[in-house]
Structures are given as C-alpha cells and as structure tokens.
Amino acid sequence: MTRAGLTAERVVRAGAELADEIGFEHATPSELARKLNIKTASLYSHIKNAHDLKSKIALLALEELADQASAALAGRAGRDALVAFADAYRDYALRHPGRFTAARFPLDADAAAASAGLRHSRMMRAILRGYDLTELQQTHAVRLLGSFFSGYVELESAGGFRHSSPGSQESWTEILDALDSLLRNWPTAP
C-alpha cells in the first residue's frame, strides 16, 4: 500500500532536491526516505531501486534543462544564441548542481532515446547551422561545446576560479567570444 500523497513525481522531485543538497552520488533511496520522513520500503511502489531513482532524476534534469535552454534560445541566432544556450546551461548547473550531474548520468538506450537529450542535440545543431558548418564539423563542435560547458561549470562549482583574477564571469564571456570566433572560422580539412 502506498502512502497517501506520495506519488512517483513527488518522489523524483524530492530526489532531485536531495541531489542538489547532498550531491547526486549520495541521493540514494535510504537518504530520500529520510528526507521524506518515510520508510525506505514505501519508495519501492514508485521506484525499482537506486539505479531507477538516479535514472528518473536524470530524465527530470534533462527535461528541465532543455526547457530552460529552449526558452533562452527563443528568437536568437548566431553568437546571441550560443551565449544564451551556454548561459542557460551554466545558470542551471550553478542553481542545481546535483541535477546537472544527473543530466550526465548514463541512461539505457531506450530511456536515452525517449529523453529530452534529443532536444539538447537539436538545439545545439540549430545554433551551429548559423555557423555554416558541415554535418561532421557540427558533430565535432557539439562535442567541443558540451565538453566546455560541463568542464567550466564543474571547475567553477568546485571553486577552481575563486582565488585568481579575472573573475569567473569575465573569463566565461571571453571564452564564449573565442568559441564564437572558432565556430565562424572552423578549420577545414586539408
């Protein structure tokens, strides 16, 4: 029997909040049960196991991040779209560190195919079409941008830029300008 008011959506949202509070790797069913002030067994009507909980948090994070990036991109093109997309990722990561980590959780093939991850890819490719890149170059650029966004935010969140000048925001802006320049002048194969 399930506890009144406890739904799958509530469980996943509480799991996402927990991930932001204590870190995605520590968001376990037992910790979630403690947060919800219930017995761990009560969760198993809504999740199968710890992996299922993490997968559902990942799916929620991908959806939220796609929604935020999509809203930021509306009506933008070229450098403005690149900056809006990057800022949406960075803002989400800084506000929701556990969820941002969850968004990179490896999903099984079926879950990944049905996730908002495809929206992220489509948005990134739409931005890159404004840079006149070939399909292959777009693939390389998607990987470059994804690596940059994740890496920068991870270092920034860990305090890696706190003890030196210039400030993190100034570097972020400068690097986005450099990425825009690289995308406009992508090297061609010999």
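Predicted model only: the values in this text are computed from it and were never measured. Both backbone and side-chain heavy atoms feed into the values below; hydrogens, waters and symmetry mates do not. Position 1 is the first residue of the sequence; numbering continues from there.
Residues L32 and F105 fall within the same hydrophobic cluster, defined by Ile, Leu, Val, Met, Phe, Trp and Tyr side chains chained together at heavy-atom separations under 4.5 Å. Criterion: ILVMFWY side-chain heavy atoms under 4.5 Å apart, direct or through other members. Under it, L118 and L65 are not part of a common hydrophobic cluster. Grouping the Ile, Leu, Val, Met, Phe, Trp and Tyr side chains by contacts below 4.5 angstrom, directly or via other members, places F148 with M123.
A salt bridge does not link R162 to E156: none of the charged nitrogens lies less than 4.0 Å from a carboxylate oxygen. Under 4.0 Å is where a charged nitrogen must lie from a carboxylate oxygen, and between E154 and R104 at least one such pair does. Under the 4.0 Å criterion applied to side-chain N and carboxylate O atoms, R13 and E17 are not assigned as salt-bridge partners.
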Step by step, would you call S157 with L94 a side chain to side chain contact (heavy atoms under 4.5 Å, CB included)? CA-CA 7 Å; S157 296; L94 295 176; 3.6 Å; yes

Could you go step by step and tell me if V83 and D177 meet the side chain to side chain contact (heavy atoms under 4.5 Å, CB included) rule? CA-CA 9 Å; V83 170; D177 285 341; 5.6 Å; no

Salt bridge (charged side-chain N to carboxylate O under 4.0 Å, His left out) for K54 and E25? Distances and angles first, verdict last. CA-CA 9 Å; K54 290 190 181 299; E25 64 280 1; over 6 Å; no

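Every residue two or more places apart in sequence or in another chain that forms a side chain to side chain contact (heavy atoms under 4.5 Å, CB included) with Q169 is listed here: R90, W172, T173. With sequence neighbours left out, Q68 forms a side-chain hydrogen bond (donor to acceptor under 3.5 Å, both in side chains) with R95. Listed by chain and residue number, R184, N185 satisfy the side chain to side chain contact (heavy atoms under 4.5 Å, CB included) test with S181 (two or more places apart in sequence, or in another chain). In this view, H140 satisfies the ring-ring contact (aromatic ring centres under 6.0 Å, His included) rule with no residue, not counting sequence neighbours. Annotation: ring-ring contact (aromatic ring centres under 6.0 Å, His included) contacts of Y89 (sequence neighbours excluded): F85, H120, F149. Under the side chain to side chain contact (heavy atoms under 4.5 Å, CB included) criterion, P29 pairs with T40, L43, Y44, I47, A50, L53, sequence neighbours left out.
Minimum interatomic distance between R10 and L6 (heavy atoms only, all atoms of both residues): NH1-CD1, 3.8 Å. Summarising the geometry of A112 relative to S115, their closest heavy-atom pair is O-OG, 2.8 Å, with the distance given to 0.1 Å. For A102 against I57, the heavy-atom pair with the smallest separation is CB-CG2, 3.7 Å. The two atoms that bring L60 and A16 nearest to each other are CD2-CB, 3.7 Å, heavy atoms only. Looking at every heavy atom in both residues, F161 comes nearest to S168 through CD1-OG, 3.9 Å. Here the closest heavy-atom approach between residue S171 and residue P166 is recorded as OG-CG, 4.0 Å.
Of the possible donor and acceptor atoms, none in the side chain of S121 sits under 3.5 Å from a partner among the backbone N and O of G117.
Side-chain contact check for Y131 versus D180: some heavy-atom pair is nearer than 4.5 Å. Looking at heavy atoms from C-beta onward, H46 lies out of side-chain contact with V12 at the 4.5 angstrom threshold. Side-chain atoms of L144 and L182, non-hydrogen and from C-beta on, do get closer than 4.5 Å to each other.
Considering CG of L73 and CG of D80, their distance stands at 10.5 Å, rounded to 0.5 Å. In this structure, OH on Y152 lies 5.0 Å from CD1 on I175, to the nearest 0.5 angstrom. How far NE2 of H96 is from CG of D20: 6.0 Å, rounded to the nearest 0.5 Å. Atom CD of E31 sits about 6.5 Å away from atom CG of L18, to the nearest 0.5 Å. Between the CG atom of L183 and the CG atom of L128 there is a distance of 6.0 Å, given to the nearest 0.5 Å. Taking CG of L36 as the reference point, atom OG of S42 lies at 9.5 Å (rounded to 0.5 Å).
For E21, the CD atom counts as densely surrounded, since its 6.0 Å shell holds more than 12 non-hydrogen atoms of other residues, nucleotides or ligands.
Proximity of the aromatic rings of F100 and F24 is defined here by a centroid distance below 6.0 angstrom, and this criterion is not met.
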